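Remember, it's a predicted structure, so these values are computed and weren't measured experimentally.
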Protein chains: 2
Amino acid sequence: MENNLEIFSHFEECPVRKVLNRFGDKWSILVLMVLGEVDNMRFNKLHKTIGDISQKMLTVTLRTLESDGLVKRTVFPEIPPRVEYEITDRGRSLLIHINNLVEWADENMESILESRAKFES
Amino acid sequence: MENNLEIFSHFEECPVRKVLNRFGDKWSILVLMVLGEVDNMRFNKLHKTIGDISQKMLTVTLRTLESDGLVKRTVFPEIPPRVEYEITDRGRSLLIHINNLVEWADENMESILESRAKFES
DNA sequence: GTAATTAACTTACTTTTGGTAAGTCAAAGG
DNA sequence: CCTTTGACTTACCAAAAGTAAGTTAATTAC
């Protein structure tokens, strides 16, 4: 204990944080979870499945996931256009950890919400 | 596959997301990681250890973590004030998963950054 | 007697993020 | 030739998050 605390100093510039920060946004984890449930999915199906995401944010989120190699985007040169998204192996390897976190949240949710309620009073 | 997709619809109202969203902010995970390394730490020591967090955000972050029962806050009624923060058992149980995620980020960081660079060109 | 110390809180301000609504594009169908 | 279709773009606006600087209190060290 009490060793190596310097690691945390100005963690902003730390590449690990650069990576982790990407999943702190509103939609990335959710989109990854949905794509983890299917072989692939088209844009509009994703849009309808999630329901309360805007087109713009779905586009932005998918682009980010794609740029990080977590999602693969396949365009079929047809009209009207068809674009399919699927999770990559890297995406799946991340999803495992995310699901562990979700499981934790699921198990602890109730007592956390109680804790919050108590705190506010 | 392709079953139970309704879970994701309007996930906004989902309590699991309510819990997970808390850790998507800029500082919560970092503060928890620091407190995971020591027995306890005072406010100013935390401030200096992290370096680039503002006082306000450190206060807000600590209050949130406290309200969720992840961090314990102990005030000593002295002047100048002394307040000690320590991670709780619940906080530790979360930290395990976070560390797994950090480990994943560490392992995949390089290829993700490459992936991003390639994507931008 | 005055400066420094500590952990806040407050205010005013700027930045970042996310949302809305409209428009684009190109071919096929009526 | 006008509408439909899917997957975006774009311009604009609102909300959330973050920053900087100032204020408070009683004791101690100068």
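Between D/dA7 and A/Arg82, no contact under 4.0 Å exists linking OP1 or OP2 to a side-chain N or O. Between A/Arg73 and D/dA7 there is no side-chain N or O to OP1 or OP2 distance below 4.0 Å.
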Review item, side-chain donor-acceptor pairs of residues 55-66 of chain B, under 3.5 Å, at least two apart:
residue, atom, partner, partner atom, Å
B/Thr59, OG1, B/Gln55, O, 3.0
B/Thr61, OG1, B/Met57, O, 2.6
B/Thr64, OG1, B/Val60, O, 2.9

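Among the protein residues, B/Tyr85 comes within range of the sugar-phosphate backbone only, with heavy atoms under 4.0 Å from sugar or phosphate atoms but none that close to a base. Residue B/Thr59 is in sugar-phosphate contact alone, with no base atom involved, counting any heavy-atom pair closer than 4.0 Å across all strands shown.
A side-chain contact (heavy atoms from CB on, under 4.5 Å) with A/Arg92 holds for exactly one of A/Ile87, A/Leu32, A/Leu70; it is A/Ile87.
Here D/dT5 presents its C1' atom at 16 Å from NE2 of A/His47, a figure rounded to the nearest Å. In this structure, CD of A/Glu84 is placed 14 Å from P of D/dG6, rounded to the nearest angstrom. If you measure from atom CD of A/Glu78 to atom P of D/dG6, you get 12 Å, rounded to the nearest angstrom.
A salt bridge does not link A/Glu84 to A/Arg42: none of the charged side-chain nitrogens sits closer than 4.0 Å to a carboxylate oxygen.
Of all nucleotides in DNA chain C having an atom under 4.0 Å from a heavy atom of chain A, the first and last in 5' to 3' order are C/dG18 to C/dA27.
Neither side chain, B/Ser111 nor B/Asn108, offers a donor N or O lying under 3.5 Å from an acceptor on the other.
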note = Whether each nucleotide of nucleotides 17-30 of chain D has a protein heavy atom under 4.0 Å at its base (B), only at its sugar-phosphate (S) or at neither (-) is summarised, 5' to 3', as -BB--B---BS---

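Between B/Phe43 and B/Tyr85, the ring planes lie tilted relative to each other; the angle falls in the 30° to 60° range.
For the atom pair B/Arg90 CZ and B/Leu95 CG, the distance stands at 14.5 Å (nearest 0.5 Å).
Judged by a 6.0 Å distance limit and a 45° cone about the ring axis, A/Arg82 is positioned over the six-membered ring of A/Phe76.
At least one donor-acceptor pair closer than 3.5 Å links the side chain of A/Thr88 to the backbone N or O of A/Gly69.
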